[in-house]
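So that the names make sense, note that chain A is the first sequence line, chain B the second, and so on, each numbered from 1.
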There are 2 protein chains.
Amino acid sequence: MTRQRGGDRQILICDDEPQILRALRLVLRADGFGIVQATTGREALDAAALRPPHAAIIDLVLPDIDGIEVCRRLREWSEMAIIVLSAVGDEEEKVRALRAGADDYVTKPFGPDELVARLQAALRRSDPEPPEPVVRADGLEVDLAARTVRRDGEEIHLTPTEFELLRVLVRNRGRLMTHRALLVEVWGPRYAEEPTVLRGQIANLRRKIERPDGPRRLIRTDSGVGYRFVG
Amino acid sequence: MTRQRGGDRQILICDDEPQILRALRLVLRADGFGIVQATTGREALDAAALRPPHAAIIDLVLPDIDGIEVCRRLREWSEMAIIVLSAVGDEEEKVRALRAGADDYVTKPFGPDELVARLQAALRRSDPEPPEPVVRADGLEVDLAARTVRRDGEEIHLTPTEFELLRVLVRNRGRLMTHRALLVEVWGPRYAEEPTVLRGQIANLRRKIERPDGPRRLIRTDSGVGYRFVG
DNA sequence: CCTCGCCTTGACGAAATCTGTACGCCGGGC
DNA sequence: GCCCGGCGTACAGATTTCGTCAAGGCGAGG
């Protein structure tokens, strides 16, 4: 089951090892973050100045400027979330990094999930309101950030799968989503060719969010192709 | 109705087990991908160097070079999509593969549909398709990406075949499309000599998108030859 | 161990779509 | 004016796809 936890937030990643850079890029992309990358401290500072990201992940050892120094200079003008990467779990280095303004300190090797979790925690501190908009249509109110759905003020309870499905539809509102695309996004690639499960959840979702007795206004079906959320 | 999900993209597949190689070949061919195959890491690297494919699917265990090493060497010079195959779902191996630059990691046994779905996702990341533009003509608005059609702001519902037909016409707007060409594109080669089906759908399409009482402005007939979408 | 909520699956009637036939229309050739 | 080939439209049967419901599995929590 894929999640779009990153919203549209931009992350600056800086490391001199191409493999690490690439691994970071893949992990973060998969979680819906936007990426700006740099291989030296100077590049990182320039990139951040040019287009301020929401967070930065910076390796401690860089060819030119020390990662801690990069961190300090960013802090001079920005409140962005900063995570420092290091190969060694040296306690003293860690303290220096935090003193320089880092929000967190991650030692390599790290698992992708751990990194994303720490990044999110850091983002939550520095940028508490991710800009996921509240979507309104036909008296329905979907707040993707708060994970709530209301119909005429009354809160509606959705199960995890139902909400995930609604999220994908809402994020692509107006656009037709094929069965295949929905299945891959919500259930994962294994379910790409299992339309029955999709039908079941669409039925549940409609029973909960559409007006009890009336035509379909929110989720429209295109027979033989897919579904769309009308915006 | 034929699908050409693979486009003309070339996929390099590399595995030492002939059955797996064969299975991959069949699945990918069926989806319209072109295939280059190799049974050793060296062969794979040579083949990729000779004629760079759009993506590579590489088994982890190979007679000569480790699959991860193959992946790393490809990454030295190419941004192609890379998927690593493995018999075991070892989390550590997975991380190593992603670090080495793989885009995704699939464990055997895998369903054909899952593999194709993951391959398409990987291709989408590495080689994003240019966005399809919105086409406007005589108050009609066709958004090929969102799969929507509007006439003076009012949304028009098209069936799958109607939309497919319109898509082919719009993509070649101004250009004359022969009956034969339209039939092959929309219905597949079997229908190349069946103009009646085409006439029926053209009639439906016109009833929906042309102005109710007025001359044809959008789809013009070239008697004895074909149709064209006037832009 | 039981209960509860959630997800999946299969079956069946209902709806949408596709295909092929029938028939009327139009323009060119004679 | 008449014939004829190609075209446009309406319609009906066949086929595919959808919506709904009930039954069963699975896992969390008590």
Exercise for review: Show your reasoning for whether side chain to side chain donor-acceptor pair (under 3.5 Å) applies to B/Arg206 and B/Thr221.
Suggested key: CA-CA 11 Å; B/Arg206 275 174 169 157; B/Thr221 305; 2.6 Å; yes
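The distance between the ring centers of A/Phe33 and A/His54 does not fall below 6.0 angstrom.
A salt bridge links A/Glu164 with A/Arg167: the closest approach of a Lys/Arg side-chain nitrogen to an acidic carboxylate oxygen falls below 4.0 angstrom. Between A/Glu194 and A/Arg180 there is no salt bridge, since no side-chain nitrogen of the basic residue lies less than 4.0 Å from a carboxylate oxygen of the acidic one. Under the 4.0 Å criterion applied to side-chain N and carboxylate O atoms, A/Glu162 and A/Lys208 are assigned as salt-bridge partners. Between B/Glu79 and A/Arg22 there is a salt bridge, since at least one side-chain N of the basic residue sits less than 4.0 Å from a carboxylate O of the acidic one.
With rounding to whole Å, A/Arg220 atom CZ is found 22 Å from D/dT17 atom P. Atom pair A/Phe163:CZ and C/dG5:P shows a separation of 21 Å (rounding to whole Å applied).
The side chain of A/Tyr227 sits closest to D/dG19 out of D/dG19, C/dT17, C/dG20. You'll find that the side chain of B/Trp187 is closest to C/dT19, out of C/dT19, C/dC18, D/dG8.
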Exercise for review: Encode nucleotides 24-30 of chain D as B, S and - characters from 5' to 3', where the letter depends on protein heavy atoms closer than 4.0 Å: B to the base, S only to sugar-phosphate, - to neither.
Suggested key: -------
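Under 4.0 angstrom from either OP1 or OP2 of C/dA16 there lies no side-chain N or O belonging to B/Thr159.
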Every protein N/O within reach of nucleotides 24-29 of chain C N/O, cut-off under 3.5 Å:
none

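Every residue two or more places apart in sequence or in another chain that forms a side-chain hydrogen bond (donor to acceptor under 3.5 Å, both in side chains) with B/Arg75 is listed here: B/Asp103. Residues meeting the side-chain hydrogen bond (donor to acceptor under 3.5 Å, both in side chains) test with B/Arg211, sequence neighbours left out: B/Asp152.
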Using a 3.5 Å cut-off and no angle test, enumerate the donor-acceptor pairs between side-chain atoms of residues 133-145 of chain A and protein atoms at least two apart in sequence or in another chain.
from	atom 1	to	atom 2	distance (Å)
A/Arg136	NH1	A/Glu141	OE1	3.3
A/Asp143	OD1	A/Ala145	N	3.1
A/Asp143	OD1	A/Ala146	N	3.0

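With A/Tyr227 as reference, A/Leu198 is the one residue of A/Leu198, A/Leu165, A/Leu176, A/Val168 to meet the side-chain contact (heavy atoms from CB on, under 4.5 Å) rule.
Interface residues of residues 192-209 of chain B facing DNA chain D, ordered by number: B/Arg199, B/Ala203, B/Arg206, B/Arg207; criterion, heavy-atom separation under 4.0 Å.
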